[in-house]
Protein chains: 2
Amino acid sequence: MAKLPPLNALKAFEAAARHGGFVGASEELHVTRGAISRHVKLLEAHLGVPLFVRQAQGVRLTAAGLKLLPVVSEAFGTIARAAENLSADAAELRIICPPGTSIRWLLPRLEDFRTAHPEFRVRLTTDFYPESGFDPIEADIGFSVSNWPNRSPDLAAQPLFPTLLTPACAPRYLRDKALRRPEALAACELLHETRSHADWTAWTDAFRPAGVDPARGQDFPNIDIATKAAVMGVGVVMADLVLCREELDAGTLVAPFPDMVCPSPLGGICLLAGRDKWQIPKVAAFRSWADAAAAADRAAVSHLVARAGG
Amino acid sequence: MAKLPPLNALKAFEAAARHGGFVGASEELHVTRGAISRHVKLLEAHLGVPLFVRQAQGVRLTAAGLKLLPVVSEAFGTIARAAENLSADAAELRIICPPGTSIRWLLPRLEDFRTAHPEFRVRLTTDFYPESGFDPIEADIGFSVSNWPNRSPDLAAQPLFPTLLTPACAPRYLRDKALRRPEALAACELLHETRSHADWTAWTDAFRPAGVDPARGQDFPNIDIATKAAVMGVGVVMADLVLCREELDAGTLVAPFPDMVCPSPLGGICLLAGRDKWQIPKVAAFRSWADAAAAADRAAVSHLVARAGG
DNA sequence: TCTAAGGCTCACTTTTCCTGATCCATTGCG
DNA sequence: CGCAATGGATCAGGAAAAGTGAGCCTTAGA
């Protein structure tokens, strides 16, 4: 590569030329007139050509300056535009999150992230991953319900909180059905957050209440709607202790068997991101914030984790 | 204009990307690896995006780096090329000089200028100006035979030495023609450096020797050939005291009437240049050198100027 | 297991850059 | 015409940026 002239001097020249004077340039660049004057002089010395004709009411470009200006302006413009694009990408955080986690955990907390990091523009996609799994090109970071997976060597993961399951229903439903022992669930409407019924299957596998068939019951598209149905007294949902904490704390849902908690076979909630993006500011900031936000949830269920893990 | 990233950091990035490692860049830019590392880190922080993936055996561009590199390389390339062109123009000194002055004054001295200023490439055009006069676009500086003219407000001029005229001939011709009084010139062959015969006309107008007709004689294309003809004994040339100083000093030409010196009506020799280029290094350097080189000539004829001026 | 390559870090030095005061020339206005 | 305002040049001194060089760490290959 050919030898470049001093680039900061070029910047001063370009600004001065654009403003038709050193005062304008000095204001744009937030330096004094003297600094501009010196920069321009340095550049002129470097090139061996005067670029400005100094006049009383400002400066005028020489023939050489007229040749140089458009080149430099154009070059700086393309650089600035490219940098802008990169920075815009860097400032846009694309999150993908499954509906249940999104509605019941992320959305209520996201405003806090926005205020903590106004420099990032958040674009949330609330949806399940496509068949192919989390795509680090499509999204910067994703919430995943899984066993802290390292699906691909290109992905990195960070656990947020475990998924601990126990049946829950509206207080009135509890009374109506006289739910004192797990076997009583055989007479209840089971509410499923997916068609797979994996949640109820896991729990009945763990505690084997006689006569309770996880294949029965009603299906909902996600845990939020299933939970709301339970609150309305439709039946018994397999509550995620974290995602349903609000209802459990408020008493709109009660857990009839608080000692019978099992971990979801699918694993807990974790964050996923492309390994090469793991440390970039927007991802690191979100991971750090999410970890802190999840800390309260982890604490609330921590005494259950050991028991459930058995 | 959008905000530019730190330009020197960009330079480091570009070199590092081109070399595929910081070591290569540090060698190209003549700094240490640490300096490159710091520059790149600064740029990455500024953009909010990592540009390199650090590996054991060097460094690989990230997607962002791949986007940025061609833009920056291209931009720096055009800037470097433009600067190169300006500098090349700045280093090439185009001189235009009429043949007489060129052969008898400039060429013998030009080597001295070249050694004094090896940084300039000299391109000499030995020719008369076109009808339109000295063109400050075609040439950086010109030698002009004229009355310190300020032909145009865009031109600046600097006198070098006066043109003082007196007849001269070979010593043998002087003896043969017995040239003791100016009227004896009537029997001599007059040698003219131009068809206009302006030189002889000026001298005969000044001293009015009876019977001497400036319309007579032989024409030559320039003073050099006319002078050589005089040395060979062809006739009497109207010698320029400066341009013919060598022959006069050596005695190959003698001036029969050393007190009868008149200034050329065309004026002396001066330098011309575009006013806007007057101070640029190559022109200033040449003016300064030419003035010093002409000082000896001015001194040699200074005692005659006052007399001739009358 | 060891070595070499290549990046990172940090305390320290050098260079560059900027400031702020002061001049100076031009210009436009009372 | 005098005189303030504008705009650039210059300079000493101090702040900020860049560079240095030694030591550390990780990885690849012998």
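Chain naming here is simple, since letters A, B, ... match the order of the sequence lines and numbering starts at 1 in each.
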Name all residues meeting the side chain to side chain donor-acceptor pair (under 3.5 Å) criterion together with Arg33(A); count only those two or more places apart in sequence or in a different chain, and write none if there are none. none
Got a donor-acceptor contact below 3.5 angstrom from the Thr62(A) side chain to the Gly65(A) backbone? yes
Between protein and nucleotides 14-19 of chain D, what N or O pairs are separated by less than 3.5 Å?
residue	atom	partner	partner atom	Å
dG19(D)	OP2	His39(B)	NE2	2.7
dG19(D)	O6	Arg38(B)	NH2	3.3

Is there any side chain to side chain donor-acceptor pair (under 3.5 Å) pair reaching into residues 36-52 of chain B, and which pairs are they, with sequence neighbours excluded? Glu44(B)-Arg54(B)
Arg114(A) with Glu111(A): basic N within carboxylate O range, under 4.0 Å: yes
Side chain of Arg60(B), backbone of Gln55(B): donor and acceptor closer than 3.5 Å? no
Under a criterion of less than 4.0 angstrom to any heavy atom of chain B, what are the 5'-terminal and 3'-terminal contacting nucleotides of DNA chain C? dG6(C) to dT9(C)
Contact summary for Leu43(B) and Leu68(B), nearest pair of heavy atoms: CD2-CD2, 4.4 Å
Parallel, tilted or perpendicular, as decided by the 30° and 60° cut-offs, for the rings of Phe286(B) and Phe113(B): perpendicular
Whether Arg298(A) and Asp291(A) form a salt bridge (side-chain N of Lys/Arg under 4.0 Å from carboxylate O of Asp/Glu) is what I want to check. yes
Do any side-chain nitrogens or oxygens of Lys41(A) fall under 4.0 Å of OP1 or OP2 in dT10(D)? yes
Quick one: list whatever passes side chain to side chain contact (heavy atoms under 4.5 Å, CB included) with Arg109(A), sequence neighbours left out. Trp105(A), Trp289(A), Ala293(A), Asp297(A)
At under 4.0 Å between heavy atoms, which parts of nucleotides 22-30 of chain D does protein reach? Answer with one letter per nucleotide, 5' to 3': B base, S sugar-phosphate only, - none. -----SS--
According to the interplanar angle, ranging from 0 to 90°, do the rings of Phe134(A) and Tyr129(A) count as parallel (below 30°), tilted (30 to 60°) or perpendicular (above 60°)? tilted
